[in-house]
Amino acid sequence: NNAAPSNLWLAYEALGGVPMLLVRGELSDLLSSETVRQMGVRNRAMTSVTVPRIGHAPMLNEPEALEAIDALLAKV
């Protein structure tokens with residue numbers, strides 16, 4: 001298949017203004033801190049938290065993740 005990859009930024013930007021939370025593992029090799037920064041620029045309603053010493057997939061039971069989830073739910 002020689003099709004060009006989809007521009008996922010367009011899909012993400014369509015969610016502009018929608019409150020969301022990004023939970024990133026500090027040691028992720030799939031989601032860079034620069035991509036997280038760009039996501040925040042493209043949607044100012046997004047908050048993010050980085051869970052220290054965790055790879056790509058935090059379990060969401062880490063104190064940092066739980067605090068951020070509670071904060072998002074309190075806003076919405």
Taking everything shown except E26 itself, do over 12 heavy atoms lie less than 6.0 Å from its CD? yes
Looking only at non-hydrogen atoms, find the nearest pair between [X] and [Y] and report the distance.
| X | Y | answer |
| --- | --- | --- |
| P58 | G55 | CD-O, 4.1 Å |
| T50 | G25 | CG2-C, 4.3 Å |
| M39 | Y12 | O-OH, 3.1 Å |
| L22 | R24 | CD2-CB, 3.7 Å |

First locate atom CD of E13, then atom CG of L8, and finally report the distance between them rounded to the nearest 0.5 Å.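 Going from the CD atom of E13 to the CG atom of L8 covers 11.0 Å.
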When clusters are formed by joining ILVMFWY residues with side-chain heavy atoms under 4.5 Å apart, either directly or through shared neighbours, do V49 and L31 land in the same one? no
Are V51 and L30 connected in a single hydrophobic cluster, I mean Ile/Leu/Val/Met/Phe/Trp/Tyr linked by side-chain heavy atoms less than 4.5 Å apart? no
Just jot down the side-chain hydrogen bond (donor to acceptor under 3.5 Å, both in side chains) partners of T47, sequence neighbours excluded, or say none.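 In terms of side-chain hydrogen bond (donor to acceptor under 3.5 Å, both in side chains), with neighbours along the sequence ignored, T47 is linked to no residue.
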For S28, side-chain hydrogen bond (donor to acceptor under 3.5 Å, both in side chains) partners two or more places apart: H56
Check: [Y] and [X] side chains under 4.5 Å, non-hydrogen atoms:
| X | Y | answer |
| --- | --- | --- |
| I54 | L27 | no |
| L72 | P19 | yes |
| L66 | E64 | no |

Keeping the roles fixed (side chain from N43, backbone from V18), state whether a donor-acceptor pair exists under 3.5 Å. yes
Given 3.5 Å as the limit, does a donor-acceptor pair link the side chain of Q38 with the main chain of V36, or not?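 No; zero donor-acceptor contacts below 3.5 Å.
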Worked check of side-chain contact (heavy atoms from CB on, under 4.5 Å) between L15 and M20: CA-CA 9 Å; L15 299 171; M20 60 180 71; 3.9 Å; yes
